[in-house]
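Notes to accompany the following structure.
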Amino acid sequence: MVRVRFAPSPTGHLHIGGARTALFNWLFARHHRGVFILRIEDTDRSRSTEEFIHSILEGLRWLGLDWDEGPYRQTERLELYQSYVQRLLKEGRAYHCYCSAQELEARRRQALAEGRPPRYDGRCRDLQEPPRGAPPPSVRFKMPQAGQTHVQDLIRGPVVFENTQLDDFIILRSDGTPTYNFVVVVDDVDMGITHVIRGDDHLNNTPKQVHIYRALGVEPPRFAHLPMILGPDKTRLSKRHGATSVVAYRDMGYLPQAMVNYLARLGWSHGDQEVFTVRELIQYFDLKDVGKSAAVFNPEKLLWLNAQHLRSTPLSELRELVWPFLLRQGTVKEGQRLNAAWLERAIGSLLERSRTLLELAQSLHYYIAEDIEPQEEARKKFLHQESLPYLKDVLKGLEALEDFRQARIEEVFKEVVQRHGVKLAKVAQPVRVAVTGGTVSPGIFEVLEILGRQKTLRRLRRAIELI
RNA sequence: GGUCCCAUCGUCUAGUGGCCUAGGACGUAGCCCUCUCAAGGCUAAAACACGGGUUCGACUCCCGUUGGGACCGCCA
């Protein structure tokens, strides 16, 4: 049985990189009908917050990445780590280190300044008893001092590390809390994790962890290190690169399935296919199709994918999804109701012109609002003396229309166009500005029908007055 | 500085020794369609980092160079 986990530390919101890691673990679990576990790595008490935990869960839920176990919290499992530390201590696989944090920091800085590798020198390794007046000790793990450590990575292949490069790292702080490289192993052992799928940035930690597994007498899981996600400047994606929090995209009107699709394609591929349903992703996902090189996050492509997914979302669903955006921009009020069929019709007309729910909501405004204010630019360009007679004729023609449907509306326009001997554009654009306030919209006949007789006539009259 | 990883169009990628005069997608440009804007269709520009090998034959295998990234914490 495949058991994988996503183990974020709650020191920030769920970001693009973390979401991709979570997604790959989730896809792997779902593909193999395994178990996806959520574990919060909050041993850094000073930087972890409840708020970020909630935010991360919110992000995962939005993406639809449901977990089968957890969320476990490392801070709730401290006794477990303690017992493992005691065991290693007793077995002579770990020892107390009495160097103070300040000393260590000073030595590291000096090493760096002298161009030496900033590694712990192991001075406390063979201490028989604590030095006099020593501060509370930390506990270090005894790494082998010779030989090599081999890691068989599912994505990278074999990776070899020289043990002389590894130093005795701290597994228990002097305040009694355990550190990452230790807890991650204890937890993965305790939770029966079979595959560790995580970011590339952990590859260098892997040999340390492998030795902990061995000291614990446990066979390490399979490792798969995912390539990093980079910003446009090719450095690791971070806040500097703009919106990196997943929920920020939700608020910008992106669909979770589009985000999932995009994230999946960042580092993974399935032939030439670009657009995937979540179902397909689960079906096709395989670690062997994950690439090795880092990928640059491309918002343009995400936007395109969002447009694709938007169009394949049922109108009834879109109606619900766009509502919060309409509320937020004040187009509708809390508790207000609109005819569902009508709203869906309006959405349908705008769908292929919208890439996000936000854009959709913005366009929807002129359909729903009682009145609109023509944009200055558009007004200057199309609402003037020359277009006045067209507007008046269209108004007259439409006033006489009993049956306010697209086909009949079109006849009115054709008539006006013929009478004046001008192109349709000459008539359509001023009308468009009059009823939508701008120069861009779906086909004008369709817009008028959806808008309805009352609003159309009122806005036309208003525009004529404006000239 | 040390260690590790990576290297195909601007970007995401296909490619697993001959199918490649390197395919798809985003983006960009042009044309068509057209009441505006989209959508759609067609077309175009655009890449195997470099140098050595191995081989009858390398984008594909090996080595080196260069470039980029990550890690080197009593952070995760």
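All of these numbers come straight from a predicted model, not from anything done at the bench.
One interatomic measurement links the two molecules: CZ of A:R265 to C1' of B:G27, which rounds to 15 Å at whole-angstrom precision. The interatomic distance linking A:L203 (CG) with B:G69 (P) rounds to 17 Å, in whole Å. Note: CG (A:N205) to P (B:A70) measures 14 Å, nearest angstrom.
Comparing the same atom, P, in B:G24 and in B:G15 gives a spacing of 15 Å after rounding to whole Å. B:C20 and B:C37 are spaced 40 Å apart, taking the C1' atom of each and rounding to whole Å. Using atom P as the reference point in both B:C72 and B:C48, the two lie 36 Å apart (nearest Å). The separation of B:U8 from B:G69, taken at their P atoms, amounts to 15 Å, rounded to a whole angstrom. Spacing of C1' atoms, B:C59 relative to B:U13, comes out at 14 Å, to the nearest Å. Taking atom P in both B:C19 and B:G2, one finds a spacing of 42 Å when rounded to whole Å. Comparing the P positions of B:U54 and B:C5 gives a spacing of 26 Å, expressed to the nearest Å.
Applying the 3.5 Å distance criterion, the base of B:C37 shares a donor-acceptor pair with the side chain of A:R353. Counting distance only, with no hydrogens placed and no angle test, the side-chain atoms of A:S174 and the base atoms of B:C74 include a donor-acceptor pair under 3.5 Å. Contact annotation: side chain of A:E105 to base of B:G73, donor-acceptor pair absent below 3.5 Å. Side-chain to base pairing of A:R432 with B:C35: one donor and one acceptor N or O lie within less than 3.5 Å of each other.
Taking side-chain N and O atoms only, A:R355 has no distance below 4.0 Å to OP1 or OP2 of B:A39. Close to B:U11, at under 4.0 Å from its OP1 or OP2, lies a side-chain N or O of A:K234. Close to B:G1, at under 4.0 Å from its OP1 or OP2, lies no side-chain N or O of A:R119. Considering only side-chain N and O atoms, A:T43 lies under 4.0 angstrom from the phosphate OP1 or OP2 of B:A76. In terms of phosphate contacts, A:T11 brings no side-chain nitrogen or oxygen within less than 4.0 Å of OP1 or OP2 of B:A76.
Base pairing of B:U34: no nucleotide in any strand meets the Watson-Crick or G-U wobble criterion (both distances under 3.5 Å). When Watson-Crick and G-U wobble pairs are counted only if both distances are under 3.5 Å, B:U28 pairs with B:A44. A 3.5 Å limit on both hydrogen-bonding distances identifies no Watson-Crick or G-U partner for B:C59. Nucleotide B:U65: paired with B:A49 (Watson-Crick or G-U wobble, both distances less than 3.5 Å). Using N1 to N3 plus N6-O4 or O6-N4 for Watson-Crick, or N1-O2 and O6-N3 for G-U wobble, each under 3.5 Å, B:G1 pairs with B:C72.
Among the protein residues, A:P442 comes within range of the nucleic acid bases, having at least one heavy atom under 4.0 Å from a base atom.
For A:E377 and A:K381, the salt-bridge test fails: no basic side-chain N is under 4.0 Å from an acidic carboxylate O.
When distances run from any side-chain atom of A:W304 to the nucleotides B:C4, B:A25, B:C12, the shortest one goes to B:A25. Candidate nucleotides B:U8, B:U11, B:C74 were compared by shortest atom distance to the side chain of A:A101, and B:C74 ranks first. Nearest to the side-chain atoms of A:E300 among the listed nucleotides B:U13, B:C37, B:C26 stands B:C26. Side-chain atoms of A:L424 lie closest to B:C35 of the nucleotides B:U11, B:C6, B:C35. Closest contact between the side chain of A:Q165 and the listed nucleotides B:A39, B:G1, B:U3 involves B:U3. The side chain of A:N204 sits closest to B:C4 out of B:G24, B:U11, B:C4.
In this structure, the side chain of A:R198 does not engage the main chain of A:T21 through any donor-acceptor pair within 3.5 Å.
In this structure, A:R432 is not positioned above the aromatic face of A:F382 in the sense of NZ or CZ being under 6.0 Å from the six-membered ring centre and within 45° of the axis.
If you look at A:W26 and A:F285, their ring centroids are not closer than 6.0 Å. Annotation: A:F6 is not in aromatic contact with A:F36 [ring centroid separation under 6.0 Å not met]. You'll find the ring centres of A:Y84 and A:F182 outside the 6.0 Å limit. For an aromatic pair to be called close, the ring centres must be under 6.0 Å apart, and A:H195 with A:F24 fails this.
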